[in-house]
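Order of listing sets the numbers, starting from 1, for every ligand and every atom in it. Numbering of residues begins at 1 and proceeds along the displayed sequence.
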Amino acid sequence: MDFNLSEEHLAVQAAARDFAQTELLAGVIERDTVQYFDPALLRKMAELGLLGMMVAPEYGGGGMDTLAYVLAMEEISKIDASAGVIMSVNNSLVCWGLEKYGTEDQKQRYLTRLASGEIIGAFCLSEPEAGSDATSQHTTAFPNGDHYLLNGTKNWITNGGTSSVCLVIAQTHPELRHKGINVLIVEKGWEGFSVGKKEDKMGIRASDTNSLMFLDVKVPAGNRIGEDGFGFKFAMNVLNGGRIGIAAQALGIAEGAFELSLKYSKERKTFGKPIAEHQAIQFKLSEMATKIEAARLLVYRAARLKDEGKDYVQAAAMAKLYASEIAMWVTTEAVQVHGGYGYVKEYHVERLMRDAKITQIYEGTSEIQKLVIARELLK
Ligand code: CAA
């Protein structure tokens with residue numbers, strides 16, 4: 001597989017790197033502390049085209065491929081993984097799903113504004129009792145004339161507070177189990193839709209994660225995406241692509257921690273020489289670099305397969321599994337390389353370690369990725 005990056009890929013990578021260095025780096029510790037992502041920064045990300053990268057230009061997007069998106073995700077997440085997840089959910093779960101499966105009317109009403117970053121979207125699958133076991137949806141959407149009546153609670157929703165539009169997965173025909181599930185486009189502000197508490201998280205703290213409550217929310221029938229009962233397939237299909245985005249986020253987090261460790265190890269002296277000259281540190285750096293390179297190959301491969309229209313379910317799961325596992329390992333080692341300095345906020349690596357943890361959990365835990373891989377192997 002050829003990973004030779006085109007001029008366009010390199011330009012996207014450079015623009016994202018520049019934005020991360022000049023705009024995201026300065027306030028990243030403060031944003032993590034106060035758990036707030038400045039809307040002005042989000043507007044700049046929108047202006048740069050980071051929120052609808054793969055959407056066709058006719059719908060307000062950048063018309064780029066998955067590899068370009070991955071390269072940008074990597075650069076943004078090296079510096080600010082919170083910005084990474086805001087971007088990832090909007091791009092790969094919300095915009096991609098709407099563009100692929102939405103009607104022309106739905107695209108005109110929602111996709112154009114989501115892709116340009118005028119509004120932000122959220123993807124609502126998880127519930128208090130349906131995380132990994134995603135077919136067990138308790139949220140219901142029962143038909144009632146020309147609309148659905150939506151009732152239930154969603155948990156751990158990325159962009160839960162800041163989003164204007166939510167793709168909500170809900171059960172319509174319980175007797176059909178996962179084949180009775182639908183996905184509805186729901187607007188904030190509709191009667192009966194309330195935003196619950198914002199979670200006080202370990203990592204990606206600048207991004208908002210909320211529970212969302214629906215009490216007899218009237219959703220027009222025209223806001224259902226796809227055929228009746230398509231909702232679970234929709235969720236699985238968007239998550240297959242979403243996992244490539246999260247894998248790129250994990251890769252970026254690992255790279256960020258590695259770059260900081262490399263720099264620090266050349267500057268910090270112990271026993272009369274830079275710690276980079278001690279074999280104990282060299283072994284750590286070598287292993288970090290090797291794992292990162294292996295993860296990069298898996299992530300780029302999954303993106304390429306998707307761009308080539310080939311089956312990428314297993315490749316995406318492998319990329320997400322491996323990149324998130326090594327992100328956790330690399331960031332933990334990065335804290336160790338930094339010693340006492342690694343344990344304080346100023347040196348960034350403790351934040352990256354906290355941020356890495358979620359990549360093993362959301363958009364399918366590592367255990368779910370192994371399940372997906374095994375099912376593909378045993379097909
Ligand atoms: N791609 C496409 N279809 C898939 C699929 C995949 N990866 N995995 C399962 N399916 C399909 C199956 O083919 C089956 O369809 P048919 O009945 O038509 O054959 C259907 O889905 C049900 O699958 P199973 O019978 O295998 O159901 P299961 O309950 O045994 O397993 C699961 C399903 C794979 C475990 C699924 O529930 C799952 O992926 N769980 C993890 C959910 C998840 O990733 N949540 C993330 C939350 S979103 C998030 O984190 C976003 C954020 O804010 C950052």
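Relative ring orientation between Tyr347 and Tyr341 is described as tilted, the plane-to-plane angle lying within the 30° to 60° band.
Glu75 and Lys78 are joined by a salt bridge, as a carboxylate oxygen and a charged side-chain nitrogen come within less than 4.0 angstrom of each other. Under a 4.0 Å N-O distance rule, the pair Glu287/Lys291 qualifies as a salt bridge. Salt-bridge check for Lys201 with Glu199: failed, with every basic side-chain N at 4.0 Å or more from each acidic carboxylate O. Taking the charged nitrogens against the carboxylate oxygens, Asp355 and Arg205 have no contact shorter than 4.0 Å, which rules out a salt bridge.
Those atoms of ligand 1 with a heavy atom of Asn240 less than 4.0 angstrom away are 1 (N), 2 (C), 6 (C), 7 (N). Within ligand 1, counting atoms from 1 as listed, the ones closer than 4.0 Å to a heavy atom of Asn237 are 2 (C). Interface atoms of ligand 1 facing Val313, defined by a heavy-atom separation under 4.0 Å, are 7 (N). With ligand atoms numbered from 1 in the order given, ligand 1 contributes 29 (O) to contacts under 4.0 Å with heavy atoms of Thr135. Atoms of ligand 1 found under 4.0 Å from any heavy atom of Ala134, numbered from 1 in the order shown, are 37 (O), 42 (C). Heavy-atom contacts of Gly131 reach the following atoms of ligand 1: 42 (C) (cutoff under 4.0 Å). Interface atoms of ligand 1 facing Tyr362, defined by a heavy-atom separation under 4.0 Å, are 50 (O), 54 (C).
Counting protein heavy atoms only, atom 50 (O) of ligand 1 is closest to Glu363 N, 2.8 Å. When only non-hydrogen protein atoms are considered, atom 21 (O) of ligand 1 lies nearest to Phe232 CE2, 3.4 Å. In terms of protein heavy-atom proximity, atom 25 (O) of ligand 1 is nearest to His178 CE1, 4.5 Å. In terms of protein heavy-atom proximity, atom 34 (C) of ligand 1 is nearest to Arg375 NH1, 4.0 Å. In terms of protein heavy-atom proximity, atom 41 (C) of ligand 1 is closest to Ser132 O, 3.5 Å. Scanning the protein heavy atoms around atom 13 (O) of ligand 1, the nearest turns out to be Lys233 NZ, 3.4 Å.
Looking at Ser366 and Glu325, their side chains do bring a donor and an acceptor atom within 3.5 Å of each other. When only modelled atom types and interatomic distance are considered, Tyr69 and Ser88 share a side-chain donor-acceptor pair under 3.5 Å. Defined by atom type and a distance below 3.5 Å, a donor-acceptor pair is present between the side-chain atoms of Glu187 and Tyr110. Donor-acceptor pairing under 3.5 Å is lacking for the side chains of Gln249 and Lys320. For the residue pair Tyr59/Glu104, the side-chain donor-acceptor check at 3.5 Å is satisfied.
To the nearest 0.5 Å, atom OG of residue Ser82 and atom CG of residue Asp32 are 6.5 Å apart.
The only option from Asn155, Thr139, Ile169 that meets the side-chain contact (heavy atoms from CB on, under 4.5 Å) definition with Glu127 turns out to be Thr139.
Considering backbone and side-chain N/O atoms, Ser126 never comes within less than 3.5 Å of an N/O atom of ligand 1. Ligand 1 has an N or O atom lying under 3.5 Å from an N or O atom of Thr158, backbone or side chain. In terms of polar-atom proximity, defined here as any N/O pair under 3.5 Å, Val89 makes no such contact with ligand 1.
Contact annotation: for Arg243 versus ligand 1, heavy atoms closer than 4.0 Å belong to the side chain alone.
For Leu93, the heavy-atom gap to ligand 1 drops under 4.0 angstrom. Residue contacts with ligand 1 do not include Ala317, since none of its heavy atoms lies under 4.0 Å from the ligand.
The minimum heavy-atom distance between Leu285 and Phe258, with the atom names listed, is O-CE1, 3.6 Å.
Of the candidates Gln314, Gln249, Met236, Lys179, it is Met236 that places a heavy atom closest to atom 39 (O) of ligand 1.
Within a 4.0 Å radius of atom 11 (C) of ligand 1, the protein contributes at least one heavy atom.
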